[in-house]
Amino acid sequence: VNRSITLSLLGPDALPSASARERRVTMKQTALLASAQRGDRAALAALIDEQAGPVYALVSRMLVRQPALVDDVAQDVLLRVVENLSRFDPRGSAKLSTWVLTIATRRCIDVLRRPRRLEPLDEELAAVSPGPEESAEQRQLYRAVVAAMAELSPEQRAVLVLRAYHDFEHDQIARALEIEPGTVRSRLSRARAALRAAVDRPGGQR
Amino acid sequence: MSEREPFEADERRALDAWSAATPPADLAARVLARSNRRQRGRRARWGLAAAAALLGAIGGGALLLGRSASTGGARSGSRQLAARGTVAIGDRALAVAEAGSTLSWRLDRDGAARVEQPRGNVFYRVSPGASFRVTTPVGVVTVLGTCFRVAIVPAAGTAGGGARALVTVHEGRVQAMSAGFGGREVSAGQAAWLDGASAPQLRPATIAPRRALAASPATTRPARAAARTGGPMAGKLSRDLSRLEREVGVLRRALAKAQGKADQTKVFDLKKSDLVAMAQRCELRWDMPSLTIDKAPTVPKKHRERLGLGPAEVASIEDVLAKQHRKVVSSLRKLYVEVTNDRQAARVLSPWSLISEITGKSPRAERKAVFSQLARERAGLATASADERRSAFERMMRLLTALGARLEKEIGARIGPDLARRYRREGGGFGSRSRSSYGCPKSDKRP
């Protein structure tokens with residue numbers, strides 16, 4: 001998670017251990033959010049630009065079998081953020097990044113659940129693959145992981161992605177997905193087992 | 001709850017291997033543009049609702065809504081074309097499909113379009129707006145700009161059911177994505193192969209790239225679009241980019257001079273030796289005004305300032321530019337209809353699309369021959385034949401390559417030849433500059 005964004009909505013008082021630099025970043029980010037909520041288009045553009053990376057990463061991992069949809073869904077998520085930003089309460093329990101990624105996760109699950117009228121032609125593979133500089137072993141592992149993750153249900157995948165890549169706590173995941181904390185643990189356990197299996201069998205043969 | 005179970009080493013390795021996609025640079029700009037459009041749409045709907053209520057209250061009435069530049073197509077559909085045809089996809093896209101092409105499409109509520117092209121050869125023109133994506137058997141093409149062609153070519157021994165797709169971009173940019181092998185951006189003047197078995201491979205396009213010598217639209221357009229849509233750094237970056245492009249041009253010319261080489265970026269006022277050398281390469285260079293679909297070029301502010309042009313002079317130049325623009329676009333449309341017999345597409349395609357299409361319909365051998373003949377004529381090594389059976393491509397090239405000189409002459413008649421020359425020199429040529437060659441014909445006798 002982008003550290004500056006993580007800090008952004010806690011406010012300086014919530015960061016007793018933050019360095020002076022981090023506090024400056026926090027104040028800047030808080031001011032940015034306030035400006036964006038007041039309708040300042042430049043501030044809104046900067047804020048969306050900052051959120052675009054984590055959102056795109058989450059969406060690309062969630063839509064591992066539908067790389068062609070990633071750009072649209074990420075755009076759709078960020079559009080919802082723009083249109084609902086005035087409703088976000090910076091003094092509430094959720095950080096902006098948590099709120100944004102919750103929207104993204106729910107949107108991805110909606111997309112994955114709905115019947116597809118146009119079936120993607122690239123079902124087997126993911127949006128991003130290692131570049132030519134990566135080793136053959138790395139490429140093999142990547143493919144194995146992608147295949148393993150694609151086998152998970154959207155909800156299992158969401159739990160893993162939020163936990164492993166976006167630093168969500170279990171209770172945050174539970175709230176984001178509207179499930180019980182126990183369910184978070186069981187889904188995470190299943191996803192981790194799939195990860196380990198991918199490493200054990202990098203050929204991806206199941 | 002704050003359970004922070006550490007991932008095991010194997011799990012971490014797997015997680016690290018699962019790289020994520022990074023967002024395109026213009027994503028925020030696109031989101032904000034969509035947001036703006038939605039807001040305008042809502043305001044328009046509220047306005048319409050209010051107007052309808054008012055009309056109802058006073059006894060009724062009719063509301064007529066016009067949609068400018070709309071293609072007025074269906075929101076979903078599918079076509080199998082036995083003959084060349086034009087298909088309108090929603091309100092903002094037009095597909096000119098060759099015989100044997102198959103297309104299906106669907107638009108969502110926001111106007112985002114999903115097109116499937118399992119076979120055939122289709123030229124697309126897409127107006128700016130929500131996303132537009134073409135899915136082929138071997139990959140996906142996402143539109144970041146305006147005009148491009150997707151040709152599905154049968155090929156044995158490849159993925160995607162024995163087919164490859166050639167994506168040629170005429171204007172703007174597209175993102176070509178080969179399933180599982182990542183994507184790459186293809187810009188105006190470029191073409192890329194998608195084969196379903198490797199990353200998209202760029203190849204030199206067979207079209208004369210727009211502004212081949214000028215700044216690359218791929219690099220300048222996003223920055224300028226971002227500058228228009230806001231972003232605290234966008235304006236500065238756009239200005240920096242323009243400045244760097246100018247400096248690169250100056251450095252290239254200085255380097256060429258220092259090395260005793262001919263200036264490769266010069267498109268007019270060429271020396272005889274340069275013209276002869278170009279004729280040996282069957283190369284043409286030309287300048288002409290920027291051609292857009294709906295408005296004539298205007299005099300740039302920097303030209304006004306540097307040349308000290310007064311309002312009357314600016315008006316004279318813009319009058320000439322507007323007249324020439326109308327003539328050229330009209331001629332291109334006639335040539336396009338002659339080549340394709342497709343009047344509907346001729347009315348809506350942009351001038352650059354018309355040029356690309358006319359070029360695309362001309363056999364490569366013919367293009368080589370035309371370039372060779374014109375280059376030799378310019379070098380004084382051949383004379384123009386009086387053959388009235390010139391092809392559409394040849395007539396188009398004669399029209400385009402003569403535009404710069406004709407424009408200078410006409411402007412000179414209004415504001416004086418010296419000032420007209422300085423005006424042309426100010427930008428290194430009028431608006432758009434090109435340098436192009438298809439190679440020489442095999443039978444060509446070199447000068």
Side-chain angles (χ1 to χ4, degrees), chain A residues 41-46 48-49 52-53 55-61 67-68 70-72 74-76 78-79 81-83 117-118 120-132 138 141-146 148-149 160 164-165 169-171 174 181 185 188 192 195-196 198-200, chain B residues 1-5 7-8 10-15 17-24 27-32 34-36 38-39 76 104-106 108 110 112 114 116 118 130-131 133 135-140 142 160 175 177-183 196 199 226 229-234:
Chain A
R41 301 301 283 181
L44 188 59
I48 292 302
D49 212 30
V55 166
Y56 215 81
L58 183 141
V59 173
S60 71
R61 289 192 173 104
V70 171
D71 196 80
D72 272 0
Q75 203 180 127
D76 191 41
L78 292 169
L79 190 61
V81 169
V82 169
E83 294 186 337
R117 275 177 281 182
L118 283 173
L121 299 163
D122 41 9
E123 280 283 71
E124 293 302 317
L125 299 152
V128 174
S129 54
Q138 192 70 8
L141 178 59
Y142 165 78
R143 284 176 178 275
V145 174
V146 165
M149 295 300 102
L160 179 74
Y165 295 103
E169 302 293 352
H170 286 193
D171 55 342
R185 280 192 289 275
L188 189 58
R192 291 176 65 177
L195 273 183
R196 288 193 296 273
V199 176
D200 290 343
Chain B
M1 186 180 356
S2 180
E3 296 169 59
R4 298 189 64 86
E5 74 293 330
F7 286 98
E8 292 169 11
D10 275 356
E11 294 169 344
R12 183 49 63 192
R13 231 180 98 216
L15 289 168
W18 192 15
S19 49
T22 51
L27 183 64
R30 280 190 280 141
V31 169
L32 291 174
R34 267 180 82 182
S35 167
N36 289 340
R38 279 189 171 191
Q39 282 177 2
S76 66
S104 62
W105 70 95
R106 177 176 62 84
D108 71 14
D110 294 334
R114 312 274 168 278
E116 289 207 41
S131 74
R133 194 170 49 235
T135 302
T136 75
V138 285
V140 179
T142 303
Q175 174 81 16
M177 185 167 278
S178 198
F181 296 94
T229 53
M233 290 296 290

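Quick note on labels: first sequence line is chain A, next is B, and so on, each numbered from 1.
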*Asks:* Does any non-hydrogen side-chain atom of A/Arg61 lie less than 4.5 Å from one of A/Met149?
*Replies:*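 Of all side-chain heavy-atom pairs linking A/Arg61 with A/Met149, none is under 4.5 Å.
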*Asks:* Taking side chain as everything from C-beta outward and backbone as N, CA, C, O, which of these in B/Arg13 sits under 4.5 Å from a heavy atom of chain A? Side chain, backbone, both or neither.
*Replies:*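 Both backbone and side chain.
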*Asks:* Based on non-hydrogen pairs under 4.5 Å, which of A/Asp72, A/Ile48, A/Leu195 is most in contact with chain B?
*Replies:*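 Option with the top pair count is A/Asp72.
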*Asks:* Check whether A/Leu160 gets within reach of chain B through its side chain, its backbone, both or neither, counting any heavy atom under 4.5 Å.
*Replies:*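 The answer is the side chain of A/Leu160.
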*Asks:* Under a 4.0 Å threshold between the charged nitrogen and the carboxylate oxygen, would A/Asp71 count as salt-bridged to B/Arg133?
*Replies:*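 Looking at B/Arg133 and A/Asp71, the cut-off is not met.
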*Asks:* Under 4.5 Å heavy-atom distance to chain A, tell me which part of B/Gln175 shows up: side chain, backbone, both or neither.
*Replies:*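 Contact with chain A is absent: no heavy atom of B/Gln175 under 4.5 Å.
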*Asks:* Please report the shortest heavy-atom distance between A/Ala198 and A/Ala148, naming the atom on each side.
*Replies:*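 Closest heavy-atom pair between A/Ala198 and A/Ala148: CB-CB, 3.9 Å.
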*Asks:* Give the intermediate values and the outcome of side chain to side chain contact (heavy atoms under 4.5 Å, CB included) for residues A/Val82 and B/Arg34.
*Replies:* CA-CA 10 Å; A/Val82 169; B/Arg34 267 180 82 182; over 6 Å; no
